[in-house]
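Letters A, B, ... are given to chains in the order of the sequence lines, protein chains preceding strands, and every chain is numbered from 1.
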Number of protein chains: 2
Amino acid sequence: MPRKPGRATTSPATPNERFDIRDVAKRAGVSVATVSRTVNKVPTVNALLAARVNEAIRDLDYFPNTQARALVSGRSRLLGLLVPDITNPFFPELIKRFERAAVEQGYELLIGSTDDDSDLQHVLRRMIERNVDGVAVMTFGAEDPVLDELSHRHVPMVFVDVSKTDFPQDVLLVNYGQGMLEALQHLAALGHRDIGFISGPLKEHSALIRREAFLASMRQSGCTAREDLVLEGDHQLEGGMYGMTSLLRLPHPPTAVLCSNDMTAIGALRTLQQRGFRVPDDMSLVGFDDIHLSEFVHPPLTTVRMSQTEIAQSAVRALLSRIEQTTPRSAPQFFPISTRLIIRETTAPPALTRRPRF
Amino acid sequence: MPRKPGRATTSPATPNERFDIRDVAKRAGVSVATVSRTVNKVPTVNALLAARVNEAIRDLDYFPNTQARALVSGRSRLLGLLVPDITNPFFPELIKRFERAAVEQGYELLIGSTDDDSDLQHVLRRMIERNVDGVAVMTFGAEDPVLDELSHRHVPMVFVDVSKTDFPQDVLLVNYGQGMLEALQHLAALGHRDIGFISGPLKEHSALIRREAFLASMRQSGCTAREDLVLEGDHQLEGGMYGMTSLLRLPHPPTAVLCSNDMTAIGALRTLQQRGFRVPDDMSLVGFDDIHLSEFVHPPLTTVRMSQTEIAQSAVRALLSRIEQTTPRSAPQFFPISTRLIIRETTAPPALTRRPRF
DNA sequence: CCCATCAGAGTAATCGTTTTCCAGCGCCCC
DNA sequence: GGGGCGCTGGAAAACGATTACTCTGATGGG
C-alpha cells in the first residue's frame, strides 16, 4: 500500500498537503539523511546538493515536523513561564518580552498562571508532560518545594529572587534596594518622615522580599520605619484601596506611602481621590514596577522601574545556556537586574498644616 | 546493548528517571499494547489486567510522552489563540478563561500576540509548525487572507465576528447592538442628544464592526449621529485621551461619549479629569468590554459587558467539535455572545447650562 | 602505482507511542 | 464432542525526524 494513498486522486480539493522529509529527498534526488543535514546546516554537505535540497524544500514548502524532531532529539523547544497572575498588567508586559526573546531563539512559550494557590502543582504537571526544556519561575521569590519535581528531572530553571542564599539554581537578582533607596531619599529630601508601605500578599515570597527591601532601605536612609505604617496588601487594586483606607484611619497617618507594586499604588490613589484627598499635595505616593498604566493614571505615578526587557532576556539567556550545555551542571549563575526611580507627579513636599479630614 | 545503559549504576544521583510504556509493560507483565489500551481507556481490556497496569503506572509514576503521542496520532493537543495585543487588559482576562477551558479538555494554549501589524504571518507560521489542532482568532473581526494558510491545511478555526456574511468558518457572533442600544437608550433617557463615539483603529475589523454597531444603534434609538462626533482611536489609553481632547475642542462638544472599549474610555476619563471636567456631571462616559479595571477607576465606569467566559467556552467548544469530527466539514456554526449594559457612575443627565471652559 | 585515509552520502536503527492485524482460547450450539 | 465465532491480548508496523554506522570514491603519500 502506498504511504500516502491517492494523494492527488482522492482529494482534489486539497491542494496543500503536508510534505515530509522523504518527499523532499525524492524530489531533490538525494537521501533523507542529506535533507536532514541540509536543514540542520551540517557543514559536510556538498554545496551543490544543498542547493538542490533547498530548492526542493522551497518548491514543496516543506518544514520539519516538530513532534518527530522533539521525539528523537528529546527536546521540545518549549519554555515554561510561571507567573502568579496573568491578569496583573505587569505580567502581560513581561510575557510579551519573554515571548519575543524565546521566539528569537526558536523556542515557544507555555504560560502557566498559578493564580490563587495550589494550581502550581497542576501547572507544573502540564509543563512536565509537555516536556518543557526549561522553566522561568517569575513568581518573584518562590522556591516552592513543589518545584523539586522539576529539578529531579533536571529541567533547567531560572528564578527571580530567592530567599535561601545557597539556592542551587540560576537566579535573577533584582536589586530592589537600589530603587527603594532612591525613592526613600527622594521622599526624605522632600521632607517626608512618616512613610508608609503597603506590601503584597506575604505568603508570596515576592512580597516578603520587597517588604524586606523597604525596611532595609529605610534603615539605610536613616529613617525609622513605624511598624503601624507597614501593611499587607495583595498586589492588586483592592489591596491598595484597602491598605490606604487603613492608613488614613490611623491617628497619625503617613505623609507618603510606598507600594509594593504599581497596582497597589493605583488602588491607593483611587481611595485617596474617592475621599477627596489630593495627590501629591495631601499625600505622596510611590509605586513599584513601572507598568505601562502608571504613566497614564492621573496624576502620573512616580514609581521604581524594574526593566522587564532585562528580566526576560536574562532569563531566556540563562535557560538556553543550561539547555545547550551537556556537561554536568556547573555552579549557579546570578544575573543582576537593576531598578531605578522614575519621578512623575505623585510626590511633593508634605503639607505642613495637614489634618486628615474625616 | 541495553536500551537504557546502566540506569542504576552510572547515575545514582538521578532518582527520578523517566519511564516509558515498555517499563510499565514489563512491570505489569503485559504487552505494551495492553498498557496503551489501558491508558486510553479502551473498553476491551480485562479489568484484572487493567488493575495490574494501573498499579505499575502508579508505582513508576509513568505518563505518556506527549510528542510520541502527537507524532503517531497526528494531533498535538495544542490550541492556538490569536490576540491583537496581550498588553491590553481585556486579553489577559480572556486568555485566562480560555486557558481554563482548554486545559479542562486536555489541551494546551499557544498564544500569539499579533501586536502591530505583519507579525501575524510569523505568528501563524509558528502555530502551523507546532501543528496546532485549532486556532481561535480573537482579533475581533479579522478574516485576514493570511489565515488562508490555515484553512488550506484544514486547521479548524473559530472567529469573533466577521464582516462577510458567507464566511465558511465557525463564528462567535457578538451581539454588539444589544449592549450598545441599551447604553444609548440609557443615555437618551438621561437627556443626552449629542453623543460622541471614539472607535478603535479602523484597520482592525474589530473596531469597524463596533463602530457600525454604534451607528446602527443610534439610528435604532432614534438619534441622529453627528458625523463630527465619531472619531478614530486605537483601543488604548492614548487613543481615548487624544480622542477626548479632539471632542472637547469642538464648537459643540457632545454631552456623552461612548467608547469602543474600556481602555479608550479610561483614557478619555483621564483627559477629562486632567482638564478639570467632572465626570459624570460635565460629561457622561460609557465604555465597552467591562474589564476588571473599569470597576476600579474613579468614578467606576459605566460600560457594556461582553462575557469573556462565554466567548472562551464557546470558542473552545467550537474548536473541539471540529477537531473531533472526522466527517467532511459541515456547515459553519454560529455562537451568539450577548452583551449588556452595566450602569456604574460615569453617566448622569447632561449639565443644562454647560459651557466648555477653554 | 598501490594502499591508506578521508570526505561525503546513503542505509537503517531509533525515539515512544498508537493501532492494525492475527493468534489463541473459551464458549455456544448443534 | 467438534466446529465456528467472538473476545483478548500480543507482535509489529507505522508516525517523521536524527544520527551512528557503512560504503563508495577520491586523494595523497610512499
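- Between the CZ atom of Arg18(B) and the P atom of dG16(C) there is a distance of 9 Å, rounded to whole Å.
- Position along DNA chain C of the nearest nucleotide to Arg37(A) versus Leu71(A) favours Arg37(A) as the more 5'-ward residue.
- Where Thr34(B) and Gln67(B) meet DNA chain C, the nucleotide closest to each residue was compared, and Gln67(B) sits on the side nearer the 5' end.
- In this structure, Lys26(A) atom NZ and dA9(C) atom P are separated by 21 Å, rounded to whole Å.
- Note: CG (Leu49(B)) to P (dC7(D)) measures 17 Å, nearest angstrom.
- Closest to the side chain of Val72(B), from the set dG16(D), dG9(D), dT18(C), is dT18(C).
- Distance CZ (Arg75(B)) to P (dG16(C)): 24 Å, rounded to an integer number of Å.
- Between Ile21(B) atom CD1 and dA12(D) atom C1' the separation is 14 Å, expressed in whole Å.
- Regarding Asn46(B), its CG atom lies at a distance of 10 Å from the P atom of dG10(D), rounded to whole Å.
- Remark: Ser36(B) is in phosphate contact with dT18(C), judged by side-chain N or O atoms under 4.0 Å from OP1 or OP2.
- Val45(A) comes within 4.0 angstrom of sugar-phosphate atoms only, judged by non-hydrogen atoms across all strands, and of no base.
- The CZ atom of Arg22(A) sits 13 Å away from the C1' atom of dA12(C) (whole-angstrom rounding).
- No donor-acceptor contact under 3.5 angstrom links the side chains of Arg77(A) and Asn131(A), judged on distance only.
- For Ala33(A), whose side chain is taken as the heavy atoms from C-beta onward, the closest listed nucleotide among dA17(D), dT17(C), dG10(C) is dG10(C).
- One atom, CG of Asp23(B), and another, P of dT17(C), lie 9 Å apart when rounded to the nearest Å.
- Side-chain atoms of Asn46(B) and Arg52(B) include no donor-acceptor pair closer than 3.5 Å.
- For Arg130(A) and Thr66(B), the side-chain atoms include no donor-acceptor pair closer than 3.5 Å.
- Between Asn65(B) and dC15(C) there is no side-chain polar atom (N or O) within less than 4.0 angstrom of OP1 or OP2.
- Nearest to the side-chain atoms of Val32(B) among the listed nucleotides dA17(D), dA12(D), dG8(C) stands dA12(D).
- For Asp20(B), the listed nucleotide lying nearest its side chain is dT17(C); candidates were dT8(D), dG10(C), dT17(C).
- Side chain of Thr44(B), nearest nucleotide from dG10(C), dG10(D), dT8(D): dT8(D).
- A salt bridge does not link Glu55(A) to Arg27(A): none of the charged nitrogens lies less than 4.0 Å from a carboxylate oxygen.
- The closest side-chain heavy-atom distance from Gln67(A) to Leu71(A) is not below 4.5 Å.
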